[in-house]
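This report refers to the structure that appears directly beneath it.
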Protein chains: 2
Amino acid sequence: MRAASVKDVADRAGVSVGTVSNVLNNPDRVASATRERVQAAIAELGFVRNDAARQLRAGQSRTIGLVLLDAANPFYAALAAGAEDEAAQHNSTVLLASSQGDPRREERYIDLFEEQRVQGLLISPVGDPSARLAQLVGRGVPTVLVDRDAEAETYGSASVDDVHGGRLAVEHLVAGGRRRIAFLASDPGLRQVADRFAGARAAAEAAGAELEFVRTSGMTILGGRAAAADLLRRETTPDAIFCANDLLATGVLQALIMDGRYRVPEDVALVGYDDIEFASSAIVPLTTVRRPAEEMGRTAVRMLLGRADVEHTVFKPELVIRASTARETGEASAAH
Amino acid sequence: MRAASVKDVADRAGVSVGTVSNVLNNPDRVASATRERVQAAIAELGFVRNDAARQLRAGQSRTIGLVLLDAANPFYAALAAGAEDEAAQHNSTVLLASSQGDPRREERYIDLFEEQRVQGLLISPVGDPSARLAQLVGRGVPTVLVDRDAEAETYGSASVDDVHGGRLAVEHLVAGGRRRIAFLASDPGLRQVADRFAGARAAAEAAGAELEFVRTSGMTILGGRAAAADLLRRETTPDAIFCANDLLATGVLQALIMDGRYRVPEDVALVGYDDIEFASSAIVPLTTVRRPAEEMGRTAVRMLLGRADVEHTVFKPELVIRASTARETGEASAAH
DNA sequence: TTGCCCCTTTGAATCGTTTCAGAAATACGA
DNA sequence: TCGTATTTCTGAAACGATTCAAAGGGGCAA
């Protein structure tokens with residue numbers, strides 16, 4: 001049995017297709033008696049509007065595409081939740097796609113969304129915004145980069161002042177008397193990493209503290225754990241570790257606890273980045289640089305729909321101080 | 001400027017629209033010289049196929065809708081990754097939507113996907129499969145429940161034998177000499193929870209061990225931590241805790257460590273469920289009941305596309321033994 | 001009764017693709 | 001050279017919604 005169409009509904013209700021369409025889209029233009037009759041017919045036939053046909057004629061969809069670097073990362077998950085929420089308020093819907101850091105997959109999803117003529121595209125690109133993306137914008141698809149600032153005028157963007165974030169973290173550490181600081185991240189070439197490190201370096205230099213870039217195998221818990229284990233094998237260990245995200249910091253914390261020789265925060269202070277949900281519930285609650293993930297998602301959607309008047313929104317990160325950098329705590333220590 | 005259509009491409013290349021369509025869909029039916037001419041025209045005009053029109057005519061899309069309970073839960077994230085992968089191999093694409101446990105949101109997404117005439121729907125429903133879902137199936141939309149077995153013949157399903165999983169966990173605990181076991185979960189009314197508990201109880205009774213259902217506020221780290229803190233305030237504490245998922249177990253572990261009086265696993269053994277990525281990297285690596293998240297996602301997609309000949313696939317969970325239930329370990333203990 | 005206005009309803013045209021029956025071109029054997 | 005297969009190409013019809021100019025009909029004042 002073929003799915004019911006407006007034509008079927010119209011026949012059943014004894015009206016024309018135009019009227020059915022109006023019941024669907026402009027209910028107040030239809031006399032209430034007619035409207036009810038049509039609605040009854042819709043219910044009886046189990047009519048479901050064919051979105052393809054609607055879109056073909058209307059020329060625009062009510063769907064926003066969101067391509068994420070990694071849907072499993074709590075930060076991006078939160079960002080997506082914010083975007084969905086905001087979109088819902090504007091009667092749009094967000095469809096998620098996870099590129100898993102794979103450029104080909106990213107491209108597949110961009111293609112798909114463009115063919116679907118989405119209202120707009122939100123994307124945290126794998127590498128530098130690709131030619132494919134520029135093309136998209138050239139064809140008039142509203143595009144907003146999230147968690148990435150756009151150099152050019154090409155894209156809108158909703159990002160965070162990561163230089164400031166890096167500075168905040170290290171200023172806090174030196175204010176607590178720390179002098180030998182390790183900065184942990186995977187690839188110094190990544191924009192976000194580079195910015196955070198630049199801010200950190202500025203603060204360290206201003207205070208005359210040491211700052212060393214320590215490379216990890218990935219921005220994950222395991223990466224943090226492995227890098228920290230290496231660090232602890234040295235003769236002189238840092239008295240503070242600043243991680244480029246909370247997953248890394250979680251791994252470092254685990255390595256410190258397993259090692260057992262150093263207390264957090266007494267012997268080593270630890271700062272993360274993002275303030276993901278798990279940061280506050282770590283064994284030693286993590287001091288971290290908070291980025292407003294949900295708000296970033298919301299804003300990006302608002303920009304896309306043209307309700308925000310700025311082309312680039314840059315959020316100020318803020319320092320959230322917790323036990324992992326406290327100066328005098330017996331309780332919050334992880335080892336004895 | 002209007003986006004280029006097949007008509008435009010056809011004019012430019014000096015062929016008919018039918019030929020352009022063939023270049024797009026049946027390239028081998030077109031002479032190579034012609035094909036190249038058309039492809040050149042496509043590139044010059046920046047033609048992008050309008051998916052709405054294609055779908056309208058073809059009647060089917062190449063998109064699979066996946067509605068998840070909580071995209072932020074690593075288990076579901078992994079399941080989604082598996083589904084995406086499998087779909088890609090069949091030239092389909094998965095679009096994710098997160099219901100966040102909200103039935104209205106779930107319904108919105110079901111509506112959207114039905115209007116989009118998706119190839120099929122994968123869903124981990126919020127409550128019991130709703131009337132809305134039955135309707136969907138009645139209209140011929142292939143639907144597969146994930147992480148939920150389907151009683152009726154209505155839906156396909158890819159699930160796990162949770163009774164068996166519960167039994168495995170408790171059998172392991174009693175074999176290790178544990179006698180007072182607490183089972184932690186949020187809502188005993190949830191199917192998954194009920195099954196796991198039933199299996200646990202069977203094993204406990206067979207061994208003559210005590211088993212108590214302890215209710216948590218939610219299936220999260222915080223929920224586990226709070227419930228464990230309560231438990232530790234009692235006079236007699238359990239010598240083993242079995243959690244309905246790894247997030248709960250992580251929370252319990254944290255509470256035990258902060259409390260400091262009990263060692264894991266010497267004084268209290270701990271078992272989780274799911275084997276999420278973080279389980280092996282917890283402070284005390286977690287013994288847990290592994291569910292093949294990725295494989296479940298893959299299988300669900302395969303069933304949807306009719307490549308699997310079974311209507312219901314039930315996976316056997318397996319026990320992964322790690323330090324949190326070891327019998328003789330000095331090293332892996334969390335407190336000293 | 002007539003004329004005018006406003007509220008409803010109508011239905012053909014339209015969006016951009018795919019499909020498919022048949023035309024055109026080409027190849028090939030006799 | 002002719003007839004027949006085979007390959008390639010054509011273009012109108014169809015998919016199912018929305019749109020919009022125009023028609024229908026009721027109410028009301030003159």
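Just so it is clear: chains get the letters A, B, ... in the order the sequence lines come, proteins before strands, and each one is counted from 1. These numbers come from a predicted model, not from an experiment.
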Rounded off to whole Å, could you give me the [atom1]-to-[atom2] distance for the [X] and [N] pair?
X	N	atom1	atom2	result
Gln60(A)	dT18(D)	CD	P	15 Å
Asp8(A)	dG16(D)	CG	P	9 Å
Asn26(B)	dT19(C)	CG	P	7 Å
Leu56(A)	dA14(D)	CG	C1'	12 Å
Asn50(B)	dT18(C)	CG	P	10 Å
Leu24(B)	dG16(C)	CG	P	15 Å
Arg62(B)	dT17(C)	CZ	P	18 Å
Ile42(B)	dT17(C)	CD1	P	10 Å

Tabulate atom names and distances for all N/O pairs under 3.5 angstrom spanning the protein and nucleotides 9-13 of chain C.
| from | atom 1 | to | atom 2 | distance (Å) |
| --- | --- | --- | --- | --- |
| dT9(C) | OP1 | Thr34(A) | OG1 | 2.3 |
| dT9(C) | OP2 | Ala31(A) | N | 3.1 |
| dT10(C) | OP2 | Ser16(A) | N | 2.8 |
| dT10(C) | OP2 | Ser16(A) | OG | 3.2 |
| dT10(C) | OP2 | Thr19(A) | OG1 | 2.7 |

Polar side chain donor-acceptor pair, Glu84(B) to Tyr109(A), under 3.5 angstrom: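 Yes - a donor-acceptor pair under 3.5 Å links their side chains.
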
Side-chain (Arg62(B)) to main-chain (His90(B)) donor-acceptor, under 3.5 angstrom: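 Present.
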
Under 3.5 Å donor-acceptor, Gln116(A) side chain and Thr63(A) backbone: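 Here the side-chain-to-backbone pair does not exist.
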
Asp274(A) CG to Gln192(A) CD distance, which is reported to the nearest 0.5 Å: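 Here the rounded value is 10.0 Å.
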
Nearest-nucleotide 5' precedence on DNA chain D, Ser21(A) against Ala58(B):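 So the residue in question is Ala58(B).
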
Are [X] and [Y] close enough that some pair of their side-chain heavy atoms sits under 4.5 Å apart?
X	Y	answer
Gln39(B)	Glu44(B)	no
Val314(B)	Val160(B)	no
Tyr155(B)	Val144(B)	no
Ile276(A)	Tyr76(A)	no
Ile64(B)	Leu305(B)	yes

Nucleic acid contacts of residues 108-121 of chain B, taken as heavy-atom distances under 4.0 Å to DNA chain D: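 Hits under 4.0 Å, by residue number: none.
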
Geometric cation-pi criterion, Arg291(B) with Phe315(B): 6.0 Å, 45°: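 Here Arg291(B) fails the 6.0 Å and 45° test against Phe315(B).
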
side-chain contact (heavy atoms from CB on, under 4.5 Å) assessment of Arg105(A) paired with Asp85(B): CA-CA 10 Å; Arg105(A) 201 165 217 157; Asp85(B) 227 62; 3.0 Å; yes

Touch class at under 4.0 angstrom, heavy-atom based, for Asn25(B) against every strand present: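 Here Asn25(B) touches the backbone only, sparing every base.
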
side-chain contact (heavy atoms from CB on, under 4.5 Å) between Gln119(A) and Leu304(A), intermediate numbers included: CA-CA 8 Å; Gln119(A) 263 187 301; Leu304(A) 205 57; 5.8 Å; no

Phosphate-side-chain proximity, Arg54(A) and dC15(C), N/O vs OP1/OP2 below 4.0 Å: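 Negative; the distance criterion is not met.
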
Phosphate contact (dG16(D) OP1 or OP2) by Ser5(A) side-chain N/O below 4.0 Å: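 For dG16(D), OP1/OP2 do not have a side-chain N/O of Ser5(A) under 4.0 Å.
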
Degree of bending in the helix from dT1(C)-dA30(D) to dA30(C)-dT1(D) once both end axes are built from five pairs, to 10°: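 Angle reported: 50°, given to the nearest ten degrees.
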
